[in-house]
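All remarks here apply to the structure that follows.
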Amino acid sequence: MNLFAEFKNRIAATVAALQAEGTLPAGLDTAKITAEPPRDANHGEVSTNAAMVLAKPAGMKPRDLAQMLADRLAVLPGVDSAEVAGPGFINLRLAASFWHDRLRDVLAAGTGYGASTMGAGRNVNVEYVSANPTGPMHVGHGRGAVVGDVLASLLAKAGYAVTREYYINDAGAQVDVLARSLHLRYREALGESIGEIPEGLYPGDYLVPVGQAMAADFGDRFRDAPEAEWLEIFRLRAVDAMLALIKDDLAALGVRHDVFSSELALVEAGGVQAAFDELVGKGLIYEGVLEPPKGMLPEDWEPRPQTLFRSSDFGDDVDRPLKKSDGSWTYFASDIAYHFDKHRRGAQTMIDILGADHGGYVKRMVAAVKAMTGGAAELDIKLCQMVNLMRDGQPVKMSKRAGTFVTLREVIDDVGKDVVRFIMLTRKNDAHLDFDLAKVTEQSKDNPVFYVQYAHARAHSVLRHAVEALPGADLAPAALAKADLAALTDEAEIALIKQLAAWPRVVEGAAEAHEPHRIAYYLGEVAAAFHSLWNKGRETTELRFLQPERQDASLARVALVRGMALVVASGLMVLGVTPVEEM
RNA sequence: GCGCCCUUAGCUCAGUUGGAUAGAGCAUUCGCCUUCUAAGCGAACGGUCACAGGUUCGAAUCCUGUAGGGCGCGCCA
């Protein structure tokens, strides 16, 4: 359990006890009380603002109330002292034995440590990747894939019921273009010279083998046939092939999905019409003419009546069209239906991971979800900024036409999926990310992946040595959890345990904020605390993990090393990165 | 013109949802290998949190405005 949440409860209980005695007035709101780790380690281990938020309603001076509370808190089990500081903070110092117990928690829970019941089984749908099935994935897609995949794992660890979903945009004009591009490759496979791929079609050679397969299956049957005869067949085959390509890329990156939803299937099943009817029933659809965007008149602008959704009633800037002039649905219309479908399948919270170029889309979709579900479901859209591919500090030049485009798959094959996954989380999602292909494989502390992995590998190195240093001792986590830990007294040792004990809180905070990058940063801090302790042992022999003359101290430290390795492994598992035991 | 995101140390970035004296890494300077991996560690230097107001016990964090950067802006997805 998150120890800070636990202390918050204990503080609230203390306040309640004082109220029951009549020392404090009834009706105080304890919701604003926080229990947090203070920034400055000199301020103890748990700090609470309780006195400051309760002083006014209680009609007391903050510091007086603080002292009253501190006297009660100081005698709680595990608490060494409670001091009033600053404007009315109460700083708690915890006993070494309290931290030893936290290490036991880690060892008892293993890599399951950090799991939370915060989500209470709430149903969350995370939609990510959703790259158009028109070609292999690029590096930018990879970022969204990792952010979504890790966020899903994180939410699962925090106790949510998570559905990982991919939305296949197989119903728009782009897949028709894909079909035509394939037809060209098909003619090429039949021996025709096609020359340069015309503007507006997909030039990539990934369609070549699909074209060959079409030629093998259909011969020249569609070579000169009118488009209407082959378009659908080619489209279906092309989409299937591209989706297979994308799934292959995702597998190489270790990214999983539970559900692949087809836009085309949704449209054909009448889902869009149903959603539209629903909005009509709510009186949110009308025929109208939109004003042109101010200060930026499109060249071919002319006023035109459209079928509009009153998204501006729900926080959007303007109302949005749901039908094209030919009567077909806009992308927005099917996306409304799709999100409604996700909600009908049980999603209470929906998270979409999109590229930053979709920023203009956020308000209308949030508005639509609000309208369709009557506020019963919430939508959070996380936008991922661009990834700049670099090599030794220089941008990698890419051009699709010149064939110098670097695909996600090439990067994975180059540096490995673990590196790609970790690096994608070294920035918060809405910040630009420089991905330096040279630096990320360096074996130095410049490289955060290495730095964390090295800590884990070092720990396992100690554990290997421990087998010889402690003959006959049971070094399994469960056994170490029962070891005598009294030898762990050094500041650096306790500091490391504090870091480990923060893991449940980090999981909860990151899950609540939908910010998976926090995990990567946290692991860097744990690794730093461990490397620091390691080096302290170089200078002070008594702090080395394995003490030939002191079995009890050795066993206690092996427990600490094991606990550190477990927490790092637990975090890396959330990131989908394999912890290495040797480097 | 409008909307969204961003602006924190020389550089690249964190900042625990409003807490106390704002933190890392790189770079610079100085230290630490007879030892469980020096693939690492410690110390020093470095700040008007873009700017100006406001909200309150308290603001890098919330609100308003200004400047600079990115993205988007009626039948593309």
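Since this is a predicted model, take the numbers as computed values, not measurements.
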Side-chain donor-acceptor contact under 3.5 Å, A:Thr349 with A:Glu378: yes
Check nucleotides 5-12 of chain B against the protein and report each pair of N or O atoms closer than 3.5 Å, with its distance, or say if there are none.
unit_1: B:rU12; atom_1: O2'; unit_2: A:Arg427; atom_2: NH2; d: 2.7

Members of residues 48-63 of chain A that approach RNA chain B, where some heavy atom sits under 4.0 Å away: A:Asn49, A:Met52, A:Lys56
Side chain of A:Phe450 (C-beta onward), nearest among B:rA77, B:rA20, B:rA39: B:rA39
Residue pair A:Ser261 / A:Glu165, side-chain donor-acceptor N/O under 3.5 Å: yes
Integer angstrom distance from the P of B:rA44 to that of B:rC2: 49 Å
Rounded distance in Å between the C1' positions of B:rG25 and B:rG15: 15 Å
Sugar-phosphate, base or nothing in reach of A:His358, heavy atoms under 4.0 Å: base
Side-chain donor-acceptor pair present, A:Tyr522, A:Arg518, cut-off under 3.5 Å: no
Where the chi angle of B:rU21 falls, syn if within 90° of 0 and anti if not: anti
Which nucleotide in B:rA77, B:rU35, B:rG74 has an atom nearest any side-chain atom of A:Trp301: B:rG74
Side chains of A:Glu508 and A:Ser116, donor plus acceptor under 3.5 Å: yes
C1' gap between B:rG65 and B:rU55, integer Å: 15 Å
Runs of at least three Watson-Crick or G-U pairs with RNA chain B, cut-off 3.5 Å: B:1-7 with B:67-73, B:10-13 with B:23-26, B:28-32 with B:40-44, B:50-54 with B:62-66
Donor/acceptor link under 3.5 angstrom from A:Ser47 side chain onto base of B:rA20: yes
Sugar-phosphate only, base, or nothing, as touched by A:Pro37 at under 4.0 Å among non-hydrogen atoms: base
B:rC33: syn or anti, per glycosidic angle within 90° of 0: syn
Under 3.5 Å side-chain donor-acceptor pair for A:Asn91 and A:His43: no
Nearest listed nucleotide, side chain of A:Ala85, among B:rU16, B:rA20, B:rA39: B:rA20
Minimum-distance nucleotide (side-chain atoms of A:Pro293 versus B:rC73, B:rA20, B:rG40): B:rC73
Side-chain donor/acceptor contact of A:Asp335 with base of B:rA77 under 3.5 Å: no
side-chain N/O A:Arg364 vs B:rG74 OP1/OP2, d < 4.0 Å: no
Listed partners of A:Thr48 passing side-chain hydrogen bond (donor to acceptor under 3.5 Å, both in side chains), at least two apart: none
Distances for protein N/O vs nucleotides 29-33 of chain B N/O pairs under 3.5 angstrom?
none

Short side-chain donor-acceptor distance under 3.5 Å, A:Ser328 and A:Asp326: yes
Selected nucleotide, minimal atom distance to A:Tyr331 side chain, candidates B:rC36, B:rG40, B:rA77: B:rA77
Geometric class of the A:His517/A:Tyr521 ring pair [parallel <30°, tilted 30-60°, perpendicular >60°]: perpendicular
CD (A:Glu582) with more than 12 external heavy atoms under 6.0 Å: no
Nearest-nucleotide pick for A:Glu36, side chain only, options being B:rC41, B:rG19, B:rA39: B:rG19
First encountered from the 5' end of RNA chain B, between A:Arg518 and A:Lys324: A:Arg518
Pairwise P distance, B:rA60 and B:rU16 [rounded to whole Å]: 12 Å
Sugar-phosphate, base or nothing in reach of A:Arg320, heavy atoms under 4.0 Å: nothing
Side chain of A:Ala457 (C-beta onward), nearest among B:rA77, B:rU37, B:rG3: B:rU37
Touch class at under 4.0 angstrom, heavy-atom based, for A:Pro303 against every strand present: base
Plane angle bin for A:Phe309 and A:Phe314 - parallel if under 30°, tilted between 30 and 60°, otherwise perpendicular: parallel
Inter-nucleotide P distance (B:rA39, B:rU34), Å rounded: 14 Å
Base B:rU37 paired with A:Arg458 side chain (donor-acceptor, <3.5 Å): no
Steps toward salt bridge (Lys or Arg N to Asp or Glu O under 4.0 Å) verdict (A:Asp317, A:Lys363): CA-CA 8 Å; A:Asp317 303 318; A:Lys363 276 192 181 179; 3.0 Å; yes
Rounded distance in Å between the C1' positions of B:rU61 and B:rA50: 16 Å
Phosphate OP1/OP2 of B:rG18 contacted by A:Thr34 side-chain N/O (<4.0 Å): no
A:His43 ring over B:rA20 six-membered base ring, under 5.5 Å and 30°: yes
5' priority, RNA chain B, between A:Ala528 and A:Pro305 [closest heavy atom]: A:Ala528
Closest non-hydrogen atom pair, A:Leu243 against A:Pro133: CD1-CB, 4.3 Å
B:rC30 versus B:rG68 - spacing of their P atoms, nearest Å: 43 Å
Distance in angstrom units between A:Asp380 CG and B:rU17 C1', rounded: 14 Å
Distance, P atom - from B:rC49 to B:rC11, rounded to whole angstrom: 16 Å
Side-chain donor or acceptor of A:Asp170 paired with backbone N/O of A:Glu263 under 3.5 Å: yes
Phosphate OP1/OP2 of B:rC41 contacted by A:Tyr451 side-chain N/O (<4.0 Å): yes
Protein-nucleotide distance (A:Trp329, atom CH2; B:rC76, atom C1'), rounded to Å: 18 Å
Short side-chain N/O contact to B:rG42 OP1/OP2 from A:His531, under 4.0 Å: no
By side-chain hydrogen bond (donor to acceptor under 3.5 Å, both in side chains) - contacts of A:Glu442 (at least two apart): A:Ser444
Exam field: side chain A:Ser554 to backbone A:Gln547, donor-acceptor pair closer than 3.5 Å: yes
Ring-base stacking, A:Phe89 with B:rA20 (5.5 Å, 30° cut-offs): yes
Flag for A:Tyr167-A:Asp352: side-chain donor and acceptor within less than 3.5 Å: no
Protein-nucleotide distance (A:Asp490, atom CG; B:rC41, atom C1'), rounded to Å: 14 Å
Within the 6.0 Å centroid threshold, strictly below: A:Phe530 and A:Phe545: yes
